[in-house]
Trainee: 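One structure, as structure tokens, below. Some questions next.
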Amino acid sequence: MAQVLLIPVAKQILGKVTNLASVEIGLLWNFNGELEKLKDTVSTIQAVLLDAEEKQVHSNQVKDWLEKLSDAMYDADDLLDDVSIEAARAKDAADVDDGRRTGATCWSLVRFLVSSLPKQLLHTLKMARGLKAIRERLDMISIDKVNFKLEVRTEQALVSCRETDSCPPIVVIGREVDKRRIIQLLLNSNSEDSSFVVPIVGIGGLGKTTLTQLVYCDDQVKAHFEIRVWVYVSQKFDIKGILGMILQSISRESQPDLALDVLKDKIQEEICGRRFLFVLDDVWEENVESWEALGKYLKVGGSGSRVLVTTRSKEVAEISSRILKLGTRSSMMESPYFLEGLSLDESWSLMVEKALHGKVPQNPNVERTGKEILRKCCGVPLAVSTIAGLLRSKDPETEWSLFSENDLTSISEEKNLTMSTLRLSFNHLPSHLKRCFTYCKLFPKGCKLYVQPLVQLWIAQGYIKSGDEGSEEMGLHCFKMLWWRSFFQEVKMDKLGNIETCKIHDLVHDLASSLTRAKILKISDSSALKNISSKTRHLAVMQGTRVGAGYMREASKSRTFMCHMPIEESRKIIRYFRFLRVLVISLERDLLYWRSPLKLEEDSWLLRGHNRQDSELFDCIGELKHLRFLRFSCQQMTKLPDSVTNLLTMQVLDLSLCSHLTELPRDIRKLVNLKHLYLDPSVKLTHMPKGIGELASLQT
């Protein structure tokens with residue numbers, strides 16, 4: 001089910017209101033008073049959003065209410081952005097005219113006041129009316145929240161538990177090698193060279209718990225450890241509860257509610273000098289203090305004791321390895337064990353067991369169709385089991401081929417345990433990381449993403465505060481938080497050790513698709529155009545898709561537009577998007593969306609036959625005053641339109657695939673927020689524009 005995520009939008013609105021309250025936009029028409037009322041309304045709504053976002057999964061009424069609220073809050077955010085931009089423009093104009101009027105005559109001063117002042121007053125009045133209208137609209141929607149008995153809650157992880165035990169499943173395929181490796185780590189008697197903690201890391205459904213169950217019940221492991229304890233931790237990392245379960249498992253007796261100090265004495269008495277294996281399954285806790293509190297109770301165990309941790313988070317693995325050490329004896333920390341998916345043949349063997357009761361089909365077409373379906377499972381055992389359960393009652397020769405056309409997101413919520421498991425990871429994210437993750441739906445499955453442009457896109461959308469000098473460092477931290485939680489994979493570094501590229505697991509990409517539906521759309525063929533609606537906020541049109549202007553008019557409130565299309569078509573469509581923060585236009589066949597501007601690709605081709613000046617065709621870009629990120633690819637273009645310098649909020653201007661560019665806009669000094677300007681290394685500029693040295697925000 002798609003989810004409405006409004007907590008970050010509410011925070012964004014409140015931040016803009018606070019900033020605007022300190023700017024002298026106009027005291028007429030109670031402008032600041034309307035700002036204060038809007039702040040009160042949004043604050044009241046924000047207090048119940050966490051509860052509403054959780055309840056929307058089970059209540060269509062709450063979901064409909066959030067949809068209405070979403071439209072209104074996005075409109076409010078657009079309006080406040082508009083106000084901020086106009087305030088900046090007015091200030092810029094005033095600064096320029098102050099300089100001009102220093103030596104002006106009395107008559108020129110009068111002319112300035114007559115021409116400028118009425119326009120500014122009318123615009124202030126219009127904005128004040130707009131603020132009042134949007135605030136009243138939000139007030140009306142807010143009234144309905146009492147019908148849903150929404151509670152005021154602070155942001156925290158949404159808890160959903162599926163308790164595990166130490167008993168492995170009856171059917172397990174393809175984990176023998178992993179099992180041997182983990183056992184080798186556990187039985188390594190040289191504690192000087194081995195870590196006290198062995199973390200197993202992987203996305204939900206990959207089989208971390210199953211692998212651990214196999215290891216835990218192995219005869220070698222049973223013989224090696226005097227004490228073995230299995231503790232299902234999940235999202236509630238309760239020290240007292242964990243210690244209580246350990247003591248109960250060792251003593252085989254039900255324990256009363258003991259004081260923590262008594263628990264400590266009893267546990268240390270039981271494990272002192274004895275070699276133990278403690279399994280902490282499904283751990284989410286990333287707080288160092290919590291791990292330190294647990295570790296101090298376990299360090300009296302015998303030489304060779306181990307703690308086996310399963311987690312979706314790389315950070316949990318690193319923290320637990322660092323904190324839970326046997327004093328100086330565990331000086332080395334081994335890397336976490338990153339569990340990989342099953343091979344296609346292993347996945348097929350699992351499907352045969354689960355869907356065909358262990359009977360290999362004689363018809364080769366059945367195996368061919370089955371493997372085609374399994375490719376969508378990406379080697380995730382839970383996904384294979386989910387699909388096998390659905391196919392068990394279907395005729396493999398006549399009905400499986402129909403199923404091969406669907407992906408996991410088309411399976412009903414009740415039956416799709418894979419998506420439910422992955423969604424648990426999503427629910428555990430802070431609200432700002434949820435938006436960063438779902439935005440990645442715009443990129444194709446399996447593509448290589450360059451991390452720096454991805455972070456810049458997040459900043460352009462307001463997911464990360466852009467006013468701070470450290471906003472890109474904060475964006476990189478957000479990326480790492482998602483990476484450590486297994487939302488990104490195959491992360492590669494450059495020669496200097498900086499994060500450069502990554503990929504998204506196909507099933508994780510499916511999760512992003514299931515969560516956003518209409519709001520974030522990637523159009524890869526004409527049949528998907530019907531999904532475009534007034535609720536669409538981010539839109540990517542893939543190469544080869546013919547798009548009519550009528551469809552684009554529906555998505556007029558979009559904040560992202562990425563496209564591969566000819567100039568004439570682009571010009572007709574762009575004029576509909578007044579609220580774009582991100583515009584990516586590729587007139588060539590290149591990987592424009594996800595490549596790095598500093599890593600030029602060799603797979604682009606020149607588009608020929610442009611007779612008119614590109615700068616004239618794209619003057620309309622100058623009207624997109626909300627634009628923060630512009631990436632433009634046209635190897636024939638020689639000059640960027642001067643109207644681009646009207647975009648005072650521009651942060652990234654990427655012209656790295658405009659190799660014939662000879663001139664930059666003459667008033668480039670007006671782009672006061674520009675942080676990154678990317679040009680083709682072979683570009684033949686005749687000169688740098690006057691005033692480029694005044695761009696104080698420029699970093700690249």
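These numbers come from the heavy atoms of this one structure, side chains and all, not from hydrogens, waters or symmetry mates.
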Trainee: Output, in order, the C-alpha distance, side-chain angles, deciding distance and verdict of salt bridge (charged side-chain N to carboxylate O under 4.0 Å, His left out) for R274 and E226.
Mentor: CA-CA 6 Å; R274 302 172 71 187; E226 297 177 61; 3.6 Å; yes
Trainee: Hey, is the main chain of L339 close enough, under 3.5 Å, to the side chain of K208 for a donor-acceptor pair?
Mentor: no
Trainee: Hey, what do you get for CG (D218) to CD1 (I183), rounding to the nearest 0.5 Å?
Mentor: 3.5 Å
Trainee: How far does SG of C217 sit from CH2 of W230, to the nearest 0.5 angstrom?
Mentor: 8.0 Å
Trainee: Got more than 12 heavy atoms from elsewhere within 6.0 Å of CE, M245?
Mentor: yes
Trainee: Which atom names give the shortest non-hydrogen contact between S486 and I203, and what distance separates them?
Mentor: O-CG2, 3.2 Å
Trainee: Please check if the number of heavy atoms outside Q61 that lie under 6.0 Å from its CD is greater than 12.
Mentor: no
Trainee: Give the intermediate values and the outcome of side-chain contact (heavy atoms from CB on, under 4.5 Å) for residues L150 and W65.
Mentor: CA-CA 12 Å; L150 299 176; W65 179 75; 3.8 Å; yes
Trainee: Before you tell me yes or no, could you show the steps for E372 and R368 under salt bridge (charged side-chain N to carboxylate O under 4.0 Å, His left out), namely the whole-Å CA-CA distance, both residues' side-chain angles and the distance that decides it to 0.1 Å?
Mentor: CA-CA 6 Å; E372 189 64 34; R368 191 178 303 113; over 6 Å; no
Trainee: Less than 6.0 Å separating the ring centroids of F237 and W291?
Mentor: yes
Trainee: Flag the pair C502 / F479 as yes when at least one side-chain heavy-atom distance between them is below 4.5 Å, and no otherwise.
Mentor: yes
Trainee: Can you find a heavy atom in the side chain of I271 that is under 4.5 Å from one in the side chain of I250?
Mentor: yes
Trainee: Which residue pairs pass the ring pair (Phe, Tyr, Trp, His ring centres under 6.0 Å) test when at least one of the two sits in residues 239-259, sequence neighbours left out?
Mentor: none
Trainee: Mark yes or no: K434 above the aromatic ring of F426, with NZ or CZ under 6.0 Å from the six-membered ring centre and no more than 45 degrees from the axis.
Mentor: yes
Trainee: Using 4.0 Å as the upper bound for N to carboxylate O, is an ion pair formed by E367 and K371?
Mentor: yes
Trainee: So how far is it from I173 CD1 to T210 OG1, rounded to the nearest 0.5 Å?
Mentor: 12.0 Å
Trainee: Just by modelled atom types, is the H509 backbone N or O under 3.5 Å from a matching donor or acceptor in the S513 side chain?
Mentor: yes
Trainee: When rounded to the nearest 0.5 angstrom, what distance separates OG in S347 from CD1 in I373?
Mentor: 12.5 Å
Trainee: Go through it in stages, so that I can follow the logic: the residues are F487 and I504, the test is side-chain contact (heavy atoms from CB on, under 4.5 Å), and I'd like the CA-CA distance, side-chain angles, deciding distance and then a yes or no.
Mentor: CA-CA 7 Å; F487 286 92; I504 300 176; over 6 Å; no
Trainee: With a 3.5 Å distance limit and no angle check, can you tell me whether S305 reaches the backbone of G301 through a side-chain donor-acceptor pair?
Mentor: no
Trainee: Taking the side chain as C-beta and beyond, is there a heavy-atom pair between I499 and K480 under 4.5 Å?
Mentor: yes
Trainee: Got a second to check how far F488's CZ is from L454's CG, nearest 0.5 Å?
Mentor: 5.5 Å
Trainee: Are a donor atom and an acceptor atom from the side chains of R435 and Q12 found within less than 3.5 Å of each other?
Mentor: yes
Trainee: Apply ring-ring contact (aromatic ring centres under 6.0 Å, His included) to H538 and list each qualifying residue two or more places apart in sequence or on a separate chain.
Mentor: Y439
Trainee: Assess whether a salt bridge exists between K55 and D51, defined as any Lys/Arg side-chain N lying under 4.0 Å from an Asp/Glu carboxylate O.
Mentor: yes
Trainee: Without hydrogens or angle criteria, can the side chains of T516 and K441 be said to hold a donor-acceptor pair below 3.5 Å?
Mentor: yes
Trainee: If you measure from the Lys or Arg side-chain nitrogens to the Asp or Glu carboxylate oxygens, is any gap between D506 and K376 under 4.0 Å?
Mentor: no
Trainee: Less than 4.5 Å apart, any side-chain heavy atom of V279 and any of V229?
Mentor: no
Trainee: Judged by atom type as modelled, is there a donor-acceptor pair below 3.5 Å linking the side chain of S313 to the main-chain atoms of E315?
Mentor: yes
Trainee: Does L511 offer a backbone N or O that forms a donor-acceptor pair with the side chain of S514 under 3.5 Å?
Mentor: yes
Trainee: Is a donor on one side and an acceptor on the other found under 3.5 Å between the side chain of R392 and the backbone of A388?
Mentor: no
Trainee: Begin from the C-alpha positions of F225 and L186 and carry the test side-chain contact (heavy atoms from CB on, under 4.5 Å) through to its verdict.
Mentor: CA-CA 10 Å; F225 294 100; L186 293 176; 4.2 Å; yes
Trainee: Taking all non-hydrogen atoms of both residues, which atom of V197 and which atom of S321 are closest, and how far apart?
Mentor: CB-CA, 4.0 Å
Trainee: To check you understand the geometry: which heavy-atom pair defines the closest contact between F443 and C447, and what is its length?
Mentor: CB-SG, 3.9 Å
Trainee: Check this for me: does any side-chain nitrogen of one of K266 and E270 sit under 4.0 Å from a carboxylate oxygen of the other?
Mentor: no
Trainee: Among D238, I242, T310, which residue meets the side-chain contact (heavy atoms from CB on, under 4.5 Å) test with V233?
Mentor: I242
Trainee: Kindly say whether W458 contributes a backbone atom to a donor-acceptor pair with the side chain of Q461 at under 3.5 angstrom?
Mentor: no
Trainee: Does any part of the side chain of T311, heavy atoms only, come nearer than 4.5 Å to the side chain of L280, both counted from C-beta?
Mentor: no
Trainee: L206 and G341: which non-hydrogen atoms are nearest, and at how many Å?
Mentor: CD1-CA, 3.8 Å
Trainee: Please find the pair of heavy atoms, one from L391 and one from A355, that lie closest to each other, and give the distance.
Mentor: CB-CB, 4.5 Å
Trainee: Do L342 and R175 come close enough that some side-chain heavy atom pair is under 4.5 Å?
Mentor: yes
Trainee: Run the side-chain contact (heavy atoms from CB on, under 4.5 Å) test on T369 and V366 for me, step by step, so that the C-alpha distance in whole Å, both residues' side-chain angles and the decisive distance to 0.1 Å come before the verdict.
Mentor: CA-CA 5 Å; T369 303; V366 173; 5.9 Å; no
Trainee: Check this for me: does any side-chain nitrogen of one of E500 and K492 sit under 4.0 Å from a carboxylate oxygen of the other?
Mentor: no
Trainee: Under 3.5 Å, is there a donor-acceptor pair between the R312 and S425 side chains?
Mentor: yes
Trainee: Identify whether NZ of Lys or CZ of Arg in R228 sits under 6.0 Å from the centre of the six-membered ring of Y216 and within 45° of that ring's axis.
Mentor: yes
Trainee: Could you check whether R181 pairs with E176 (Lys NZ or Arg NE/NH1/NH2 to Asp/Glu carboxylate O, under 4.0 Å)?
Mentor: no
Trainee: How far does SG of C272 sit from CD1 of I267, to the nearest 0.5 angstrom?
Mentor: 13.0 Å
Trainee: Got S431 and K11 here, is their nearest side-chain heavy-atom distance under 4.5 Å?
Mentor: yes
Trainee: Verify, without hydrogens or angle tests, whether Q213 (side chain) and D165 (backbone) share a donor-acceptor contact under 3.5 angstrom.
Mentor: yes
Trainee: Are more than 12 heavy atoms from other residues, nucleotides or ligands located less than 6.0 Å from atom CD of Q248?
Mentor: yes
Trainee: Determine whether a donor-acceptor pair (N or O, by modelled atom type, separation under 3.5 Å) exists between the side chain of E67 and the backbone of D64.
Mentor: no
Trainee: Are more than 12 heavy atoms from other residues, nucleotides or ligands located less than 6.0 Å from atom NZ of K240?
Mentor: yes
Trainee: State, with a plain yes or no, whether a side-chain heavy atom of V307 is found less than 4.5 Å away from one of S320.
Mentor: no
Trainee: Between E292 and R322, does the salt bridge (charged side-chain N to carboxylate O under 4.0 Å, His left out) criterion hold? Intermediate values first, please.
Mentor: CA-CA 10 Å; E292 288 175 342; R322 188 171 70 248; over 6 Å; no
Trainee: Give the minimum heavy-atom separation between L350 and S385, together with the two atoms involved.
Mentor: CD2-OG, 4.2 Å
Trainee: Has E490 got more than 12 heavy atoms of other residues, nucleotides or ligands less than 6.0 Å from its CD?
Mentor: yes
Trainee: Using the ring of W483 (Phe, Tyr or Trp, six-membered ring only), decide whether K314 places NZ or CZ under 6.0 Å from its centre and within 45 degrees of its axis.
Mentor: yes
